[in-house]
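The structure appears below as structure tokens.
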Amino acid sequence: MARILIVYHSRTGGSRQMAEAAEQGARAEIATALIPAAEAGPEDLLRADGYIFCAPENLAALSGVMKDFFDRCYYPVLGQIEGRPYAQMICAGSDGAGAARQTARVAQGWRLRQVQEPLIICTHAQTPEAILAAKTIPETDLSRCRDLGAALGAGLSMGVF
């Protein structure tokens, strides 16, 4: 049975909520694994048939813990996961474009196949207090995350990807 790996990092809860919603959507279609970036490793990537990467944007870049995941896993799986589908979700205070570009560059190096444009959820957190505060992602946005998970899951289970 095909399997989706969802790797996420979250310090204030926004990305975690998004990743959990994507996992709920995917679980209805396919086997899933939801693993924090600090705990995920190359063996998790090798066991999966598709991926969802979910992280916050910090200072216009991918969060450090998510970047660490990519740094630890890049070379151990290089040449072994080409062509597998992936999607990404970014929890951002403003535009999220910097983090999305960084994730796409790593995925391009691995020769993964992007099957959806990045899903960027903007929290509009612009003050130090708002940036550091616990996040609550609105249901309308969580629904979009569930849809992303379900679409990737369905595509994998039907052999579209």
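Here the SG-CD1 distance, from C73 to I81, works out to 9.0 Å after rounding to the nearest 0.5 Å. Expressed to the nearest 0.5 Å, how far CD of Q88 lies from CD of E117 amounts to 9.0 Å. Between the OG1 atom in T136 and the CD atom in Q17 there is a gap of 5.5 Å [rounded to 0.5 Å]. Here the OH-CH2 distance, from Y75 to W110, works out to 11.5 Å after rounding to the nearest 0.5 Å.
I35 and L62 fall within the same hydrophobic cluster, defined by Ile, Leu, Val, Met, Phe, Trp and Tyr side-chain heavy atoms under 4.5 Å apart, directly or through other members.
The two residues D49 and P85 have their closest heavy-atom pair at O-CD, 3.2 Å. Nearest heavy-atom pair, A37 versus H9, reported as atom, atom and distance to 0.1 Å: CB-CB, 4.2 Å. Nearest heavy-atom pair, F69 versus A40, reported as atom, atom and distance to 0.1 Å: CE1-CB, 3.6 Å.
Remark: the backbone N or O of A151 is not paired with any side-chain donor or acceptor of E29 at under 3.5 angstrom. Of the possible polar contacts, none joining the D141 side chain to the P138 backbone as a donor-acceptor pair under 3.5 Å is found. A donor-acceptor pair under 3.5 Å links the side-chain atoms of T123 to the main chain of A92, judged by distance alone.
The neighbour count for R105 CZ, taken as heavy atoms of other residues, nucleotides or ligands under 6.0 Å away, does not exceed 12. Residue L59 places its CG atom among 12 or fewer non-hydrogen atoms of other residues, nucleotides or ligands, all under 6.0 Å distant.
Under the rule for a side-chain hydrogen bond (donor to acceptor under 3.5 Å, both in side chains), the partners of T32 that lie at least two apart in sequence or sit in another chain are E23. A130 is linked by a side chain to side chain contact (heavy atoms under 4.5 Å, CB included) to A125, T127, counting only residues two or more places apart in sequence or in another chain. With sequence neighbours excluded, the residues satisfying side chain to side chain contact (heavy atoms under 4.5 Å, CB included) with Q24 are R27, R146.
Listed by first and then second residue, the salt bridge (charged side-chain N to carboxylate O under 4.0 Å, His left out) pairs that reach into residues 71-97 are K67-D71, D68-R72, sequence neighbours excluded. The salt bridge (charged side-chain N to carboxylate O under 4.0 Å, His left out) pairs that include a residue from residues 2-21 are R16-E20, where partners are two or more places apart or lie in different chains.
Partner of F53 under the side chain to side chain contact (heavy atoms under 4.5 Å, CB included) criterion, out of T103, V106, I90: T103 alone.
In the hydrophobic clustering, where aliphatic and aromatic side chains (Ile, Leu, Val, Met, Phe, Trp, Tyr) are joined below 4.5 Å either directly or transitively, I4 groups with I6, Y8, M18, I30, L34, I52, M89, V115, L119, I121, I137, L142, L148, L152, L156, M158, V160, F161.
A 4.5 Å side-chain heavy-atom check between E57 and S63 finds every atom pair outside the cut-off. The shortest side-chain heavy-atom distance between L45 and L5 falls under the 4.5 Å cut-off.
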